[in-house]
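What follows is a single structure, written as C-alpha cells, with notes after it.
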Amino acid sequence: MIEVLGNYGLAGAVLLSAVAMLAGIAAARFGRPGPLRAARWSLVGVAGLFAVASAALMMALLQNDFRFDYVGRYSEIALPAGYKLAAFWAGQEGSLLLWGLMVAVMSAMVVVQQRKRTGTEPAITLASLAAVCGFFAALMLFAANPFQLSAHAMADGHGLNPMLQDPGMIAHPPALFL
C-alpha cells in the first residue's frame, strides 16, 4: 500500500506538472483566464501529491518497512524517531523528495500570492515552476525512486551512518533547502 501511494504520488505529480506547464504556456500565449486557472490548480495539486509521497516514505521509515531498499539502507529498528525523521533525507532519493516537496510547496505559495494577477508574467512563472516540479518528480519516479522494493527483504536495516546521528542532521537539511 505504501509503495503504491508513493509511486502514484510521484506519477501524479509528473502528470499534473505537465498539465500545469502546458496550461501556463497556453495562458501566456492566448491570454485567457481558463488555462491560467488550470495551471494554478494543477500546481497546488502537485504540492499535494508531493506531500502524499513524502508521507508514504515517512510511514515506511516509522513502520520499519524494510521491503523498501531506501528504508533498509538508512534506518533500523533501534533508531530513535528523531533520527528516523533524519533518515528521510539521509540518502539521495529522500533528499530529492524533500527538495521536490519544498519546491512544490513554495510553488503553491506563489500561486496563492499571485492569485489575482493575470497576464503573461504569472503564466510563464507558473509554467517554469511546474517544469521544475515535474523534473524532480520524474527524476525520482524513473531514476532515484525511494519506493523501490528491495530484492531481499531484511529483518533489520543497516541504520543511519553514525556520523549523521547528530541533532544537527535533523534540522540542517530542511533549513538548507528552505
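Contact check for Leu129 versus Val110: side-chain heavy atoms found under the 4.5 Å cut-off. For the pair Pro173/Ser95, no side-chain contact is recorded, criterion being any heavy-atom separation below 4.5 Å from C-beta on. Side-chain contact between Met58 and Phe88 is present, with heavy atoms from C-beta onward closer than 4.5 Å. Between Pro33 and Thr118 there is no side-chain heavy-atom pair separated by less than 4.5 Å. You'll find the side chain of Leu149 stays beyond 4.5 Å of the side chain of Asp69, heavy atoms only. Side-chain contact between Glu3 and Gln148 is absent, with no heavy-atom pair separated by less than 4.5 Å. Side-chain contact between Phe66 and Ile77: present, with at least one pair of heavy atoms (C-beta onward) separated by less than 4.5 Å. Contact annotation: the side chain of Ser42 never approaches that of Met21 to less than 4.5 Å [non-hydrogen atoms, C-beta and beyond].
Pairing each heavy atom of Ala13 with each of Ala137, the nearest pair is CB-CB, 3.8 Å. Residues Gly24 and Ala39 come closest through the heavy atom pair N-CB, 3.7 Å. Between Asn64 and Ser75, the shortest heavy-atom distance links the atoms OD1-OG, 4.2 Å. Listed here is the closest heavy atom pair of Ala11 and Leu141: CA-CD2, 3.7 Å. Looking at every heavy atom in both residues, Met102 comes nearest to Pro174 through CE-O, 3.5 Å. Gly134 and Val14 make their closest contact through O-CG2, 4.4 Å (heavy atoms, listed as atom of the first residue, atom of the second, distance).
Note on residues 121-143: pairs passing salt bridge (Lys or Arg N to Asp or Glu O under 4.0 Å), not counting sequence neighbours, are Arg117-Glu121. Pairs of residues two or more places apart, or lying in two chains, that qualify as ring pair (Phe, Tyr, Trp, His ring centres under 6.0 Å) and include a residue from residues 127-147 are Trp99-Phe136. The salt bridge (Lys or Arg N to Asp or Glu O under 4.0 Å) contacts involving residues 40-58 comprise nothing, where partners must be two or more places apart or lie in separate chains. Pairs passing the salt bridge (Lys or Arg N to Asp or Glu O under 4.0 Å) check and including a residue from residues 87-109, sequence neighbours excluded, read Arg73-Glu93.
Note that SG of Cys133 is 11.0 Å distant from CE of Met106, once rounded to the nearest 0.5 Å. Taking CG of Leu139 as the reference point, atom CG of Leu97 lies at 11.0 Å (rounded to 0.5 Å). Expressed to the nearest 0.5 Å, how far CD of Gln63 lies from CZ of Phe68 amounts to 9.5 Å. Interatomic distance, Ser17 OG to Leu43 CG, rounded to the nearest 0.5 Å: 7.0 Å. Distance CZ/Arg29 to OG1/Thr120: 10.5 Å, rounded to 0.5 Å. In this structure, CD on Gln113 lies 10.0 Å from OG1 on Thr125, to the nearest 0.5 angstrom.
The same ILVMFWY cluster, assembled from side-chain heavy atoms under 4.5 Å apart, contains both Ile2 and Leu101. Note on Phe50: it clusters hydrophobically with Leu85, by side-chain heavy-atom contacts below 4.5 Å among ILVMFWY residues. Tyr8 and Val19 fall into different hydrophobic clusters, where Ile, Leu, Val, Met, Phe, Trp and Tyr side chains are chained together by heavy-atom contacts under 4.5 Å. The hydrophobic clustering, which links ILVMFWY residues whose side-chain heavy atoms are closer than 4.5 Å, places Met140 and Met59 together. Leu15 and Leu49 fall into different hydrophobic clusters, where Ile, Leu, Val, Met, Phe, Trp and Tyr residues are linked whenever their side-chain heavy atoms come under 4.5 Å apart, directly or through other members.
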- Query: When you look at Leu57 and Tyr70, which way does the side-chain contact (heavy atoms from CB on, under 4.5 Å) test go after all the steps?
  - Reply: CA-CA 9 Å; Leu57 182 58; Tyr70 186 83; 3.9 Å; yes
- Message: Met109 vs Val112, test: side-chain contact (heavy atoms from CB on, under 4.5 Å). Steps then yes/no.
- Response: CA-CA 5 Å; Met109 290 168 62; Val112 170; 5.7 Å; no
- Task: Please test Ile124 against Ile25 for side-chain contact (heavy atoms from CB on, under 4.5 Å), starting from the C-alpha separation and ending with a verdict.
- Result: CA-CA 6 Å; Ile124 294 298; Ile25 291 169; 5.5 Å; no
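Other residues sharing a hydrophobic cluster with Leu176 under the 4.5 Å side-chain heavy-atom criterion for ILVMFWY residues do not exist; the residue is a singleton. In the hydrophobic clustering (ILVMFWY side chains linked at under 4.5 Å, chained through shared members), Val52 is joined by Leu5.
Remark: the backbone N or O of Val103 is paired with a side-chain donor or acceptor of Ser107 at under 3.5 angstrom.
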